Amino acid sequence: MEITNLNQCRICKGSDLYKFLSFGHIPLSNAFLKKEQLLVDEPFYPLDICFCHKCGMVQLKQVVEPSIMFEDYAYFTGASAPMHVHFKEMASTVIKKFDLSNGSLVADIGSNDGTLLKEFKDKHMRVLGIEPANNIARLANDNGIDTINEYFGANQARLISSLRGKPRVITATNVFAHINDLDDFLNGIYFWLDENGVFVIEVPYLAELIKNIEFDTIYHEHLSYFAVRPLVELFKRWGMSIIEIEQIGVHGGTIRVYVVKGESKPSPSVEEMVRREIELGLDKVETYKDFAKKVKRIRGKLVSMLKGLKGDGAKIVGYGASAKGNILLNYCKIGTDIIDYIADTTPYKQGLFNPGMHIPVVDFYEFYASSPDYTLLLIWNYADAILKKESEYIELGGKFIVPIPMPYIVE
Ligand code: JHZ
């Protein structure tokens with residue numbers, strides 16, 4: 001079965017799920033195509049997002065079979081320079097906060113190309129990655145980061161634990177939202193984690209998604225959209241406690257959550273975050289109905305802006321062939337009639353075509369050589385860094401269009 005429908009909330013198992021936004025049928029956000037695949041029927045899947053009336057959890061209605069999305073993967077963490085800086089900071093913070101001695105075992109689930117583990121390894125930790133994508137696990141191993149090419153769950157945890165021992169730290173960055181069976185996953189974490197260990201997750205924060213109308217971060221890979229409140233409940237059920245949460249700027253607003261085994265009092269900031277979530281209305285369905293209206297407004301404004309510029313003869317291109325960019329382009333039906341190409345730093349994506357709209361992905365030589373009038377920033381999450389990096393393009397008359405939270409032009 002390629003796709004199943006969720007009929008129960010992933011967290012509280014309640015069955016009253018309210019669909020507040022539908023994207024219609026849309027391709028998978030990382031399913032880039034080879035030229036010959038453009039002639040073949042492309043799979044499109046429904047994409048709807050729901051709110052659980054019982055516990056407030058926000059989640060997708062559809063669950064696509066993970067093997068279709070993750071076994072050959074197009075997102076390489078190392079292709080985004082700001083992520084190296086971010087993970088360097090993360091490794092230092094975790095080592096210092098938990099006073100890790102040299103040789104401590106640090107495991108990363110969904111370890112991708114090993115960018116995070118490399119930072120721990122450079123700081124004298126023993127490291128182990130678990131990564132389901134064959135192409136990416138291979139690259140990580142080639143680069144000297146010990147990586148097991150597997151999905152993670154209760155069974156794998158038992159096997160890996162007997163072979164490799166128990167980690168002091170388990171990290172899971174940008175992967176917790178991708179897990180369908182969170183109980184099986186946490187069963188594995190609880191078993192594998194050392195008694196005095198810490199589980200550290202980084203996950204995009206629902207409060208930022210709602211505040212900044214980051215609708216393009218909603219896609220089939222992201223099954224859950226976490227606020228703090230449901231997370232507290234989830235870990236409690238597994239005999240674990242959140243001890244601290246930090247808010248981090250990456251990926252449009254992320255929370256870094258520190259979890260330990262047993263009962264521990266959370267820092268006051270955790271309760272404060274839950275209070276602010278209620279103030280923001282994250283527990284009310286009206287908030288999500290309002291969000292859906294704003295999403296439609298962004299689409300209307302962006303499409304009319306781009307069509308107007310194109311009608312005036314402007315050359316327009318895309319910047320960053322991100323997963324979120326593919327959702328934005330597909331939802332707004334922005335294709336090659338408007339965008340000539342998308343420039344991207346990932347060698348794997350260059351030479352391919354983006355899913356659905358079939359816009360060619362090129363490397364940055366083309367961007368610098370072709371002097372486009374307007375550049376649609378499909379990685380608005382890196383806006384500050386990119387506007388700085390591309391200051392010469394702007395000085396020479398180039399303009400960026402930043403689509404989120406409401407389309408505007410930077411010149
Ligand atoms: P970026 C990823 O989403 C994938 P994406 C994943 N599904 C997830 O959960 C989220 O992150 C959180 C390119 N790039 O980081 C490289 C440039 O071209 O917004 C990548 O192709 N130039 C796991 O894909 C893409 O952008 C640059 O200067 O939406 C990454 O986009 C930079 C910084 C990146 O993530």
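Ligands are counted one by one from 1 in listed order, and the atoms in each one are counted from 1 as well. No experiment lies behind these values; they were computed from the predicted model shown.
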Identify the protein heavy atom lying closest to atom 17 (C) of ligand 1, giving its residue, its atom name and the separation to 0.1 Å. Thr345 OG1, 3.3 Å
N/O of Thr346 under 3.5 Å from N/O of ligand 1, yes or no? yes
Heavy-atom contacts under 4.0 Å between Tyr219 and ligand 1: side chain, backbone, both, or neither? side chain
For atom 30 (C) of ligand 1, the closest protein heavy atom turns out to be Ser80 OG, 3.7 Å
Atom 11 (O) of ligand 1 sits nearest the protein heavy atom His251 CE1, 3.3 Å
Under 4.0 Å between a side-chain nitrogen and a carboxylate oxygen: does that hold for Lys315 and Asp340? yes
Ring-plane angle category for Tyr225 and His222, please: parallel below 30°, perpendicular beyond 60°, tilted otherwise. perpendicular
Under the ring-ring contact (aromatic ring centres under 6.0 Å, His included) rule, what pairs show up with a residue in residues 108-130, not counting sequence neighbours? none
Do Glu202 and His251 have a side chain donor and acceptor closer than 3.5 Å? no
Check ligand 1 against His178 and write out every atom of the ligand that is under 4.0 Å from a heavy-atom position of the residue. 7 (N), 9 (O), 23 (C)
Counting heavy atoms only, which part of Tyr73 comes closer than 4.0 Å to ligand 1: side chain, backbone, both or neither? side chain
At what distance is the nearest protein heavy atom to atom 7 (N) of ligand 1, and which residue and atom is it? Glu221 OE1, 2.7 Å
Thr171 and Thr173: side-chain donor and acceptor closer than 3.5 Å? no
Is the shortest side-chain N to carboxylate O distance from Lys211 to Glu208 below 4.0 Å? yes
Quick check on contacts: which atoms of ligand 1 are under 4.0 angstrom from a heavy atom of Phe364? 18 (O)
What I want to find out is whether Arg237 reaches Asp183 closely enough, with some N-O distance under 4.0 Å, to be called a salt bridge. yes
Quick test: of every protein heavy atom, which one is nearest to atom 9 (O) of ligand 1, and how far off is it to 0.1 Å? His222 NE2, 2.8 Å
Number the atoms of ligand 1 from 1 as they appear, then name those within less than 4.0 Å of a heavy atom of Asn381, with their elements. 1 (P), 15 (O), 19 (O)
Between Lys324 and ligand 1, find which residue part has any heavy-atom pair under 4.0 Å and reply side chain, backbone, both or neither. both
Within the supplied structure, the quantity of interest is the number of heavy atoms (other residues, nucleotides, ligands) at a distance under 6.0 Å from Lys97 NZ; does it exceed 12? yes
Please verify the inter-ring angle class for Phe185 with Phe152; under 30° counts as parallel, over 60° as perpendicular, anything in between as tilted. perpendicular
Counting both backbone and side chain atoms, is some N or O of Asn30 under 3.5 Å from an N or O of ligand 1? no
Does Asp142 come within less than 4.0 Å of Arg138, counting only side-chain N to carboxylate O? no
Pairing of Arg229 and Glu233 as salt bridge, 4.0 angstrom limit: no
Anything under 30° is parallel, anything over 60° is perpendicular, the rest tilted; go ahead and classify Phe70 against His178. tilted
Considering both backbone and side-chain atoms of Ala323, is one of its nitrogen or oxygen atoms within less than 3.5 Å of a nitrogen or oxygen in ligand 1? yes
Who's the nearest protein heavy-atom neighbour of atom 28 (O) of ligand 1, and how far? Lys389 NZ, 3.0 Å
Which bit of Phe76 gets closer than 4.0 Å to ligand 1, counting heavy atoms only: side chain, backbone, both or neither? neither
among protein heavy atoms, the one nearest atom 32 (C) of ligand 1 is Ile379 CD1, 3.6 Å
Should you measure from each heavy atom of Lys349, which atoms of ligand 1 turn up under 4.0 Å away? 20 (C), 21 (O)
Pick one of side chain, backbone, both or neither for how Met83 approaches ligand 1, counting any non-hydrogen atom pair under 4.0 Å. neither
Any idea which part of Pro82 is under 4.0 Å from ligand 1, heavy-atom wise: side chain, backbone, both or neither? side chain
Salt bridge or not for Arg275 and Glu271, using N-O below 4.0 Å? no
Between Asp344 and ligand 1, which part of the residue brings a heavy atom under 4.0 Å of the ligand: side chain, backbone, both or neither? both
